[in-house]
Amino acid sequence: MTTTNKQTVILTGDSPLHAAFSALLTEQGHQVMSLEEAVQTPEAVTLALEVNNFDLTKKREQLAELDRLLPAHVPVVTTSLAITATEAASWTEHPERICGFGTLVPLAERKLIEIAPALQTEEETIRNTEAFFHSLGKETELVEDEVGLVFPRILTLIINEAAFTLMEKAATPQDIDIAMKKGTNYPYGPLEWADRIGLDEIYAISRGLSRDLAEERYRTAPLLRKLVLAKRFGIRSGQGFYCYEKEEV
């Protein structure tokens, strides 16, 4: 696989990353196929991209289905934001072709994609994963296989602390965001940033950190959980920490 090859890619999962990757793949000339479409011609598929984060039962089911459907040499690249790639790979019969990665929407703003191989991942799978993301115009960085990886994990912890600050009525959402933007030169305040990414994505990472590391400092803010349960995901649902009219992320 080289960065100039046009590929036939299965794209599956219910993360906001699905729509973002679908647009980017098409823009770069790759053929995008759903899991259902691929059942008819699995031999044409060169790579699978799986992006479930919130619903881990669905993630496990779809990874198992991809593993059954595709020839053993086809890489399966999966988000490792809410669980490790090593755990995801353990759900399959061919764990050597599973490779984790992490990024967040808006995808156009992300110059770099983090790649986190599972303990079972073969070197060829890593090289193919790197080449694939390079073909999308993204830089890559190999990181350790830990829940949330680096940028998504750190940003999630900041957002979670901002949610606790809001719960404790220490400041309004606007004041929290202004304080962080002016105090740190962040491009967005943590609460507006969360609304752009999707609170369900942030909650999935936070829940994964709490589950995997079992430390008090990773406890998810109850307010964040309640907003997700109420389907207040942020901009794309019209309401999160803020209220929105119809807008594009």
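These values consider heavy atoms only, across backbone and side chains, with no hydrogens, waters or symmetry-generated copies. From a predicted model like this one, the values you see are computed outputs, not experimental measurements.
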Within 6.0 Å of CD in Gln174, more than 12 heavy atoms from elsewhere: yes
Beyond-backbone contact of Glu192 with Phe241, side-chain heavy atoms, under 4.5 angstrom: no
Intermediate values then yes/no, side chain to side chain donor-acceptor pair (under 3.5 Å), Thr172 and Asp175: CA-CA 5 Å; Thr172 66; Asp175 288 343; 3.3 Å; yes
Stepwise side chain to side chain donor-acceptor pair (under 3.5 Å) check, Thr79 with Lys59: CA-CA 10 Å; Thr79 46; Lys59 187 178 190 73; 3.0 Å; yes
Where Val74 and Ala48 come nearest, the two heavy atoms and their spacing: CG1-N, 4.4 Å
Atom OH of Tyr242: over 12 foreign heavy atoms under 6.0 Å: yes
Glu139 vs Ile113 side-chain heavy atoms within contact, under 4.5 Å: no
Min side-chain heavy-atom separation Cys99-Val76 under 4.5 Å: no
Full working for side chain to side chain contact (heavy atoms under 4.5 Å, CB included) between Leu35 and Glu65: CA-CA 9 Å; Leu35 184 52; Glu65 187 171 354; 3.6 Å; yes
Residue pair Pro117 / Leu142, side-chain heavy-atom distance below 4.5 Å: yes
Joint cluster assignment, Tyr218 & Ile154, ILVMFWY side-chain distance < 4.5 Å: yes
Least distance between heavy atoms, Lys58 atom then Asn52 atom: CD-OD1, 3.4 Å
Exercise: identify the closest heavy-atom pair between Arg196 and Val105: O-CG2, 3.9 Å
Between Thr140 and His134, a side-chain donor and acceptor under 3.5 Å: yes
Heavy-atom donor-acceptor pair, Ser206 side chain to Ile202 backbone, under 3.5 Å: no
Glu216/Arg219 ion pair, N-O < 4.0 Å: yes
Residue pair Tyr244, Asp195: steps toward the side chain to side chain donor-acceptor pair (under 3.5 Å) verdict: CA-CA 10 Å; Tyr244 304 87; Asp195 278 358; 2.5 Å; yes
Heavy-atom closest pair, residues Met167 and Pro222: SD-CD, 3.7 Å
Co-membership, hydrophobic cluster, residues Leu47 and Leu63, 4.5 Å side-chain: no
Considering all heavy atoms, the nearest Gly240-Leu227 contact: O-CD2, 4.0 Å
Crowding at CZ, Arg110 (>12 non-hydrogen neighbours, <6.0 Å): yes
Gln7 vs Ser135, side chain to side chain donor-acceptor pair (under 3.5 Å): CA-CA, chis, key distance, verdict: CA-CA 10 Å; Gln7 301 187 51; Ser135 79; 4.7 Å; no
Residues Glu93 and Arg68 bridged, charged N to O under 4.0 Å: no
Other residues, nucleotides, ligands: >12 heavy atoms within 6.0 Å of Glu43 CD: yes
Side-chain donor-acceptor pair present, Thr12, Glu50, cut-off under 3.5 Å: no
Side-chain heavy atoms of Asp200 within contact of Arg236, under 4.5 Å: yes
Residue pair Glu130, Lys138: steps toward the salt bridge (Lys or Arg N to Asp or Glu O under 4.0 Å) verdict: CA-CA 9 Å; Glu130 290 176 319; Lys138 302 296 184 182; over 6 Å; no
Nearest heavy-atom neighbours spanning Val147 and Arg153: O-CD, 4.0 Å
Residue from Thr92, Asp67, Thr121 passing side-chain hydrogen bond (donor to acceptor under 3.5 Å, both in side chains) with Arg97: Asp67
Side chains of Leu199 and Glu201 in contact at under 4.5 Å (non-hydrogen atoms): no
Aromatic ring pairing Phe133/Phe21, orientation class (parallel under 30°, perpendicular over 60°, tilted between): tilted
